[in-house]
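Here the structure is laid out as structure tokens; the discussion comes afterwards.
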Amino acid sequence: MSYDASKIDKKWQKYWEESSTFKTKHDSEKDKFYCLDMFPYPSGEGLHVGHPRGYVATDTFSHFQRMRGFEVLHPMGWDAFGLPAENYAIKTGIHPKITVEKNIENFKKQLRAIGFSYDWEREINTTDPEYFKWTQWIFIKLFEKGLAYEDTRPINWCPSCKTGLANEEVVNGLCDRCDAQVEKKDIRQWVLRITKYADRLLEDLEELDWPESIKEMQRNWIGKSVGAEINFKVKEINYDIEVFTTRPDTLFGATFLVLAPEHDLVKKILSKDVNIENLEEIKNYSEKTKKKSELERTDLAKEKTGVEIKGLKAINPVNKEEIPIWIADYVLGFYGKGGIMSVPAHDDRDYEMAKKHNLEIREVIKGGEIPYIGEGEMVNSGEFNGMKSEKGKEAILELLEKEKRAKRAVNYKLGDWVFSRQRYWGEPIPLVHCENCKIVPLNEEDLPLKLPETEKYEPTGTGESPLSKIESFVNTKCPKCKKDAKRETNTMPQWAGSCWYYLSFIMRGEKENMEFPFSEYKKSFEKWLPVDLYVGGAEHAVLHLLYARFWHKFLYDIGVVSVKEPFKKLKNQGLIMGEGGVKMSKSKGNVISPDQVIKEHGADVLRLYEMFLGGFEDKVSWSETGVSGMRRFLEKVEENSQKVKEVSPSKNLERILHETIEKVTSDVKEFKFNTAISSLMILNNEFRKEKEVPREFFLVFIRLLAPFAPHFAEEIWEEVGEKPSVLKQSWPESIKEKMKKESFSIIVQINGRVRDTITVNQGEDKEKVKEEVLKSEKVKKWIEGKEIKKEIFVPGKLINFVI
RNA sequence: GCCCGGGUGGUGGAAUUGGUAUACACGCACGACUUAAAAUCGUGUGCCAUAAGGCUUGAGGGUUCGAGUCCCUCCCCGGGCACCA
């Protein structure tokens, strides 16, 4: 028996569209459930089977939640700013807008073919001016609140993309997009003060139902360390060196200071007349460091280099010892105070440094082999000897604070977010530079500020955006004083549009065009936020997922939204690899497109197989023969549908039915789609054994199957004489009573090894079971002539004799 | 180096609180149908052994009547972080 999948797919997709089956009722009375996919960048290549994995999961879950009585918001949109369309424009002269439109059309066609239950009426596109007027509006608010500022400083520059990058976009010193070696360059930039939110971004992670690994990555990225800044006087000149440390308790072991080569003191001695014996040497080392790339400098394997500043000594504030001052490139200029107190006995790096340059290593914490990093009892620390190091931290700090030689301090690895790009295809930053009024944001009524039309998209490479070459765009009037002024020409990064898009889907339910102001949407936000379930790839851990949380917290602060976090529960889908576990790639020619699978087997086989492949968060490999197994499953269901009759079911079948309801329900809740499907298969196999399938049971089965194979389920539902849509039916409920077995197989163990199984009735007590068991020939054979020392009886499960 | 995941048949993968390891699916073998093949259906399928039985969840040890599951030591694979003081 076979069925025409493509006919069924089309029929039901048309039906759903025409009867608006999945339109979200904005002001529904039901409890809401917001189920969101990370929206895609519509690339020219289209989808491969890896993309829809997350989408299938959220779609299955959305159906499940609808059937359980929730009003589900399940939207889709396009994150369409970005370099590929722009690079394509540079090559071909075709405007990115055109390319993006074409790609979206293709993506949408592919997604529709899978039959997702998106409410397409709420579709958004980040490059649509009606959308990005809001991105610009939020930027203006950030600017007004002092959270967006202009800055010129050395930032990461990708020479290939010809634009500045955020720290988050640099991976091992390479550009996250194109893998080019990133350089440092001084460019005027717009920077967002994400560091102001560092503590809240860190603390609020606790309340999120996210994978622990993603939370950990964000914690590491924020990199909070609590400690103190300690002040060392320089003996020869009037200068204080401040260092940041998390271990004030080791201060007596600080046998030298190390400064980054770009430290202020180094600049000072190079420019001023201070009596330094080895000025040339210091100058050379400093120069050499500048030439090193970040990658070279942070290479852990390399030896510790450095130069002593001969002629200067620092004074340790706690014991007044005079200690040498070094410069070395293992100390980073941009972190903490750009200098450290070196405690070689209790820090690996300082230990290496001391070994290499014959510096004093003095144990001050007892506890293990030098270098010993842990806590312990303080020694060689004057009045603090014998104190536990945890207590010593406090004690030393208190002493120094009194003398004004130290203050408590917190440091973060997280830096402010470099937010401007020197490229064409992004949201223009809505600011104007005016000679009188300095920097002035556009008025709300002047938004959106659209991108100017041009033929030339090439980045200039000079640190200026291509927009700066377009005079009609650059020259404008100041919104405040109306005099001639110039527009800001940098654009926003890729990540801007995705920082708030989950709000736009709610807004679209309120107003088609998302008109200003935000206050119009407050009630809707209150109803629909937060996103209850958010699904996407793990690669956005410290990019989109961090940036969006930052913007959301800002919007919370200015009263737009009333929940602290945007995404309550997060799930990451695992990668889908090609046959044999190799990565799918064009060059290997092993890319499988969902279109192929749909053409051959239909959308539901694709959906089922993607969910059956393995654990949702695990990396899995595609297999062609595996796909055909799913096809067989559906064909067998179709066969069973032919046997549906009004007959009274057996107790056994009833039990299995209710077990299946129970299993599928709990599995879907836990995102264990693979085992949910396998239990559906088991029930279907039970139906196959029956001459006639009880109609009532079969209908329950189809309802359970519907979220996984919606087209097919609708068709069978109709075929057995029910009215569509099965997806509008309620979710079946299991009844505990019906899951009880009348008789049990009891495992009989001798010394913990299984020797026999016997069948007993429900609720039999130990003595009765034992009596039964001892009748068994197999058991007799093992027990004969032995003494039973102990009996363990687990009701309904097993009996174990120890002999 | 540090922090998370993992390691189960030929393959993808299942196993509530410790209680029949290998569900479900793929593959394979044999049989039926067929002139034949494909498809389909049926049977079998962890390993060793003719059998009785023995062995088996990366390796070794421990706790327990009983361990894939708990504890200790180690190996391997995947991911993340990594001079952040």
Side-chain angles (χ1 to χ4, degrees), chain A residues 1-2 171-172 211-217 219-221 223-225 227 243-247 250 254 258 260 297-302 304 328-332 334-343 346-350 352-353 373 411-415 538-539 541-542 572 574-575 579-581 608-609 612-615 617-630 632-633 635-636 639 663 666 672 674-682 684-685 688 745-757 781 789-794 796-803:
Chain A
M1 196 50 78
S2 183
V171 179
N172 293 325
E212 199 44 48
S213 61
I214 301 279
K215 291 208 227 177
E216 194 58 26
M217 274 156 91
R219 281 187 206 110
N220 287 339
W221 189 259
K224 182 178 184 174
S225 33
V243 300
F244 176 75
T245 180
T246 55
R247 294 296 298 272
T250 62
V258 186
R297 204 171 149 177
T298 54
D299 181 7
L300 259 166
K302 92 179 159 36
K304 296 272 177 294
D329 65 4
Y330 82 91
V331 173
L332 306 169
F334 55 83
Y335 184 79
K337 290 275 152 184
I340 60 160
M341 63 180 218
S342 199
V343 185
H346 306 293
D347 182 282
D348 290 323
R349 298 149 300 178
D350 296 345
E352 277 175 49
M353 182 71 185
I373 315 300
N411 259 305
Y412 300 92
K413 283 204 271 184
L414 180 72
E539 69 274 14
V542 294
N572 299 122
L575 290 176
E579 205 111 10
L608 278 167
Y609 186 59
F612 187 70
L613 259 171
E617 292 175 284
D618 299 336
K619 191 195 230 178
V620 289
S621 305
W622 192 264
S623 143
E624 210 38 63
T625 50
V627 177
S628 54
M630 282 303 131
R632 263 173 243 166
F633 167 54
E635 277 166 3
K636 284 172 193 165
E639 248 172 73
K663 177 81 175 144
S666 61
K672 290 155 98 177
N674 52 341
T675 48
I677 292 169
S678 94
S679 63
L680 288 171
M681 287 171 166
I682 292 169
N684 191 52
N685 290 343
R688 288 189 84 204
S745 287
I746 291 266
I747 306 149
V748 185
Q749 295 184 332
I750 316 285
N751 288 344
R753 311 203 57 132
V754 180
R755 293 304 178 191
D756 199 7
T757 58
K781 197 178 99 191
K789 284 186 189 152
K790 201 173 166 187
E791 295 161 7
I792 295 112
F793 179 63
V794 184
K797 280 241 162 86
L798 64 80
I799 187 159
N800 186 11
F801 298 110
V802 184
I803 56 173

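Residue numbers begin at 1 in each chain, while the letters A, B, ... track the order of the sequences.
Under the 4.5 Å side-chain criterion, counting only non-hydrogen atoms from C-beta, A/Arg247 is not in contact with A/His346. Using a 4.5 Å heavy-atom cutoff, the side chains of A/Ile340 and A/Tyr335 are not in contact. Looking only at side-chain heavy atoms (C-beta outward), A/Met681 and A/Met630 come within less than 4.5 Å of each other. By the 4.5 Å heavy-atom criterion applied to side chains, A/Met217 and A/Asn220 are not counted as neighbours.
Taking atom C1' on both B/C55 and B/G9, the two are 14 Å apart, rounded to the nearest angstrom. For B/U64 and B/G13, the P atoms lie 36 Å apart once the distance is rounded to whole Å. Taking atom P on both B/G6 and B/U16, the two are 14 Å apart, rounded to the nearest angstrom. If you take atom C1' in B/U69 and the same atom in B/G62, they sit 15 Å apart, rounded to whole Å. Taking atom C1' in both B/G10 and B/C75, one finds a spacing of 25 Å when rounded to whole Å. Only the P atoms considered, B/C3 is 14 Å distant from B/C72, to the nearest whole Å.
Mapping A/Glu216 and A/Asp618 onto RNA chain B via the closest heavy atom, the residue that lands nearer the 5' end is A/Glu216. Each of A/Gly626 and A/Lys337 has a nearest nucleotide on RNA chain B; the 5'-most of these lies closest to A/Gly626.
Counting to the nearest Å, the P atom of B/C4 and the CE atom of A/Met217 are 15 Å from each other. For A/Lys636 and B/A39, the NZ to C1' distance is 13 Å, given to the nearest whole Å. Look at CH2 on A/Trp622: it is 18 Å from P on B/A25, rounded to the nearest Å. A straight line from CD of A/Glu212 to C1' of B/G6 spans 17 Å, rounded to a whole angstrom. One atom, OH of A/Tyr412, and another, P of B/A85, lie 13 Å apart when rounded to the nearest Å. A straight line from NE2 of A/His346 to C1' of B/A85 spans 14 Å, rounded to a whole angstrom. If you measure from atom NZ of A/Lys619 to atom P of B/G80, you get 10 Å, rounded to the nearest angstrom. The distance from atom CD of A/Glu624 to atom C1' of B/A25 is 15 Å, rounded to the nearest whole Å.
In plain terms, the two heavy atoms of A/Thr245 and A/Met341 that are nearest each other are OG1-CE, 3.9 Å. The two residues A/Asp350 and A/Ser342 have their closest heavy-atom pair at CG-OG, 2.9 Å.
Here A/Lys215 lies out of heavy-atom contact (under 4.0 Å) with every strand. Using a 4.0 Å heavy-atom cutoff across all strands shown, A/Val620 reaches sugar-phosphate atoms only and no base atom. If you check every strand for non-hydrogen atoms under 4.0 Å, A/Ile747 touches a base. Contacts of A/Phe633 with the nucleic acid, taken as non-hydrogen atoms under 4.0 Å apart, are absent. A/Leu613 comes within 4.0 angstrom of the backbone, heavy atoms only, and of no base. Counting any heavy atom pair closer than 4.0 Å across all strands shown, A/Gly336 reaches no nucleic acid atom. Note on A/Lys672: only backbone sugar-phosphate atoms sit closer than 4.0 angstrom, heavy atoms only; bases stay farther off. Using a 4.0 Å heavy-atom cutoff across all strands shown, A/Arg219 reaches no nucleic acid atom at all. Using a 4.0 Å heavy-atom cutoff across all strands shown, A/Asn674 reaches sugar-phosphate atoms only and no base atom. At a threshold of 4.0 angstrom between heavy atoms, the contacts of A/Asn685 are confined to the sugar-phosphate backbone, with no base atom among them.
Judged by distance alone, the side chain of A/Asp618 and the main-chain N or O of A/Gly574 form no donor-acceptor pair under 3.5 Å. The main-chain N or O of A/Ser623 is found under 3.5 Å from a side-chain atom of A/Tyr609 such that the two form a donor-acceptor pair.
Of the candidates B/A23, B/A82, B/A25, the closest approach to any side-chain atom of A/Ile682 belongs to B/A23. Looking at the side chain of A/Lys304, the nearest of the listed nucleotides B/G27, B/C83, B/C41 is B/C83. Among the nucleotides B/A85, B/C41, B/G27, the one closest to any side-chain atom of A/Arg632 is B/G27. Set against B/C24, B/C83, B/A85, the side chain of A/Val331 has B/A85 as its closest nucleotide. Candidate nucleotides B/C81, B/A25, B/G27 were compared by shortest atom distance to the side chain of A/Lys413, and B/C81 ranks first. Minimum atom distance to the side chain of A/Trp221 is reached by B/A82, of the listed B/C26, B/A25, B/A82. Of the candidates B/C81, B/C83, B/U40, the closest approach to any side-chain atom of A/Asn220 belongs to B/C81. Closest to the A/Arg688 side chain, of the nucleotides B/C41, B/C26, B/C83, is B/C41. The side chain of A/Ile792 has B/G19 as its nearest neighbour among B/G19, B/A85, B/C24. For A/Ser213, counting side-chain heavy atoms from C-beta on, the closest listed nucleotide (B/C26, B/A23, B/C4) is B/C4.
Both distances falling under 3.5 Å, in either a Watson-Crick or a G-U wobble arrangement, place B/G31 opposite B/C41. The nucleotide B/C2 finds its pairing partner in B/G80, both defining distances of the Watson-Crick or G-U wobble pair being shorter than 3.5 Å. Across all strands shown, B/C47 forms a Watson-Crick or G-U wobble pair with B/G54, both key distances being under 3.5 Å. When Watson-Crick and G-U wobble pairs are counted only if both distances are under 3.5 Å, B/A36 pairs with no nucleotide at all. Within the shown strands, nothing qualifies as a pairing partner of B/A67 under the Watson-Crick or G-U definition with both distances less than 3.5 Å. Base pairing of B/U17: no nucleotide in any strand meets the Watson-Crick or G-U wobble criterion (both distances under 3.5 Å).
The base of B/G19 lies close enough to the side chain of A/Gln749 for a donor and an acceptor atom to sit less than 3.5 Å apart. A donor and an acceptor atom sit less than 3.5 Å apart, one in the side chain of A/Asn800 and one in the base of B/C65.
A salt bridge is absent between A/Arg632 and A/Glu639; no separation between the charged side-chain nitrogens and carboxylate oxygens falls under 4.0 Å.
In this model, the phosphate group of B/A85 is approached by a side-chain N or O of A/Ser225 to a distance below 4.0 Å at OP1 or OP2.
With a glycosidic angle more than 90° from 0, B/G78 adopts the anti conformation.
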